[in-house]
Amino acid sequence: MIHPDTVLQFISPEIGYGVFATRDIPQGTITWVHDPLDQILTPEQIRNMPGIYGDPLARYTYRTPEGNHVLLWDLARFMNHSCSPNCMGTHYGFEVAVRGIPAGSELTVDYATLYMTPEEAFDCYCRAEGCRWRISKDDAANLVDQWAAQVQVGLLHIGEVDQLLFHLLSNGHLQRACGDHGVPYQLSLRRLF
Ligand SMILES: [Zn+2]
């Protein structure tokens, strides 16, 4: 489920829609959590689907490390790519704001973090500082440390802000994410309760 302080906005015919903040979303905010309405599709299920589903699957699903596709039921499926994203995913079914997202700004993720296949490489026109121009599976090898550092920054601030999606986190997932990124769990939680 996407953070409630968001809205779907049309950007342009080339880009289509994007997800924008309706209020300031502080650094450390949990911006998305995988929830029970999101549909998990196995590779076998996808192979057995009629070809007409190819485009929506490519456009609106993301891939998990296990190779499943996840179709998000809400606005989250419209989040666009940026080479300088303000939201980063963890391995535990949630994303965190890695910097403050001012009201009116677009929420973005880096699609290269989403277990792309070689065939899914695409030209990027995000124009963010440091835009890589071409996004591919190979980016992960170069950027994995940078991405981990960004997630760490978000997790360090997670206890400082109201977390409207906290109740949707699976038991233990925040603790494990903090452990992976060297963030003391108690520090991260200090103002959540
Ligand atoms: Zn870019």
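What you see is a predicted model; the values in this text were computed from it and never measured.
No donor-acceptor pair under 3.5 Å is formed between the side chain of Thr29 and the backbone N or O of Ile25. With hydrogens and angles disregarded, a donor-acceptor distance shorter than 3.5 Å links the side chain of Ser136 to the backbone of Asp138. Side chain of His3 to backbone of Asp5: a donor-acceptor contact under 3.5 angstrom is found. Side chain of Gln163 to main chain of Ile30: a donor-acceptor pair is present (N/O by atom type, distance under 3.5 Å, no hydrogens or angles). Checked by atom type and distance alone, the side chain of Thr108 never pairs as donor or acceptor with a backbone atom of His81 at under 3.5 Å. Of the possible donor and acceptor atoms, none in the side chain of Asn86 sits under 3.5 Å from a partner among the backbone N and O of Ala97. With His91 contributing its side chain and Ala177 its backbone, the two residues share no donor-acceptor pair below 3.5 Å. Remark: side-chain polar atoms of Gln9 are not paired, donor with acceptor, to backbone N or O of Gly18 under 3.5 angstrom. Panel note: side chain Gln146, backbone Leu143; no donor-acceptor pair is recorded below 3.5 Å. Proximity of a side-chain donor or acceptor of Asp35 to a complementary backbone N or O of Met1 within less than 3.5 Å is detected.
Other residues, nucleotides and ligands contribute at most 12 non-hydrogen atoms within 6.0 Å of the CD1 atom of Ile52. Residue-environment remark: OH (Tyr53) stays at or below the threshold of 12 foreign heavy atoms within 6.0 Å. Within a 6.0 Å radius of CZ in Arg134, more than 12 heavy atoms belonging to other residues, nucleotides or ligands are found.
Considering only heavy atoms from C-beta on, Arg59 stays 4.5 Å or farther from Pro56 through its side chain. Taking 4.5 Å as the limit, every side-chain heavy atom of Asn80 sits out of range of all side-chain heavy atoms of Cys126. The shortest distance between side-chain heavy atoms of Cys178 and Tyr185 falls below 4.5 Å. The closest side-chain heavy-atom distance from Phe166 to Ile158 is not below 4.5 Å. Within the 4.5 Å cutoff, side-chain heavy atoms of Ile46 are placed close to those of Leu57. Taking the side chain as every heavy atom from C-beta outward, Ile2 and Met79 approach each other to under 4.5 Å. Taking 4.5 Å as the limit, some side-chain heavy atom of Trp147 sits within range of a side-chain heavy atom of Met88. At least one side-chain heavy atom of Met49 sits less than 4.5 Å from a side-chain heavy atom of Leu41.
With hydrogens and angles left out, the side-chain atoms of Glu44 and Thr42 include no donor and acceptor closer than 3.5 Å.
Across every non-hydrogen atom of Pro102 and Ala21, the tightest pair is O-CB, 3.8 Å. Considering every non-hydrogen atom in both Val98 and Cys87, the closest pair reads CG2-N, 4.4 Å.
Rounded to the nearest 0.5 Å, atoms CD1 (Ile135) and OG (Ser82) are 9.0 Å apart. From Gln152, atom CD reaches atom CG of Asp145 across 11.5 Å, with rounding to the nearest 0.5 Å.
Put simply, the residue from Leu75, Leu107, Leu72, Val109 that forms a side-chain contact (heavy atoms from CB on, under 4.5 Å) with Trp32 is Leu72.
Ion pair Arg132/Asp110 flagged as a salt bridge, since at least one NZ, NE, NH1 or NH2 atom sits closer than 4.0 Å to an Asp/Glu carboxylate oxygen.
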* Going through the checks in order, is the side chain to side chain donor-acceptor pair (under 3.5 Å) test met by Asp180 and Tyr92? -> CA-CA 10 Å; Asp180 283 1; Tyr92 301 100; 2.7 Å; yes
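Note on Met116 and Val70: same hydrophobic cluster, where clusters join Ile, Leu, Val, Met, Phe, Trp and Tyr whose side-chain heavy atoms are under 4.5 Å apart, directly or indirectly. Residue Phe94 is grouped with residue Leu37 when hydrophobic side chains (ILVMFWY) are merged at heavy-atom distances under 4.5 angstrom, including chains of intermediate members.
For the pair Arg63 and Tyr115, the NZ or CZ position fails the cation-pi test of under 6.0 Å to the six-membered ring centre and within 45 degrees of the ring normal.
For Tyr111 and Tyr62, the ring centers sit 6.0 Å or farther from each other.
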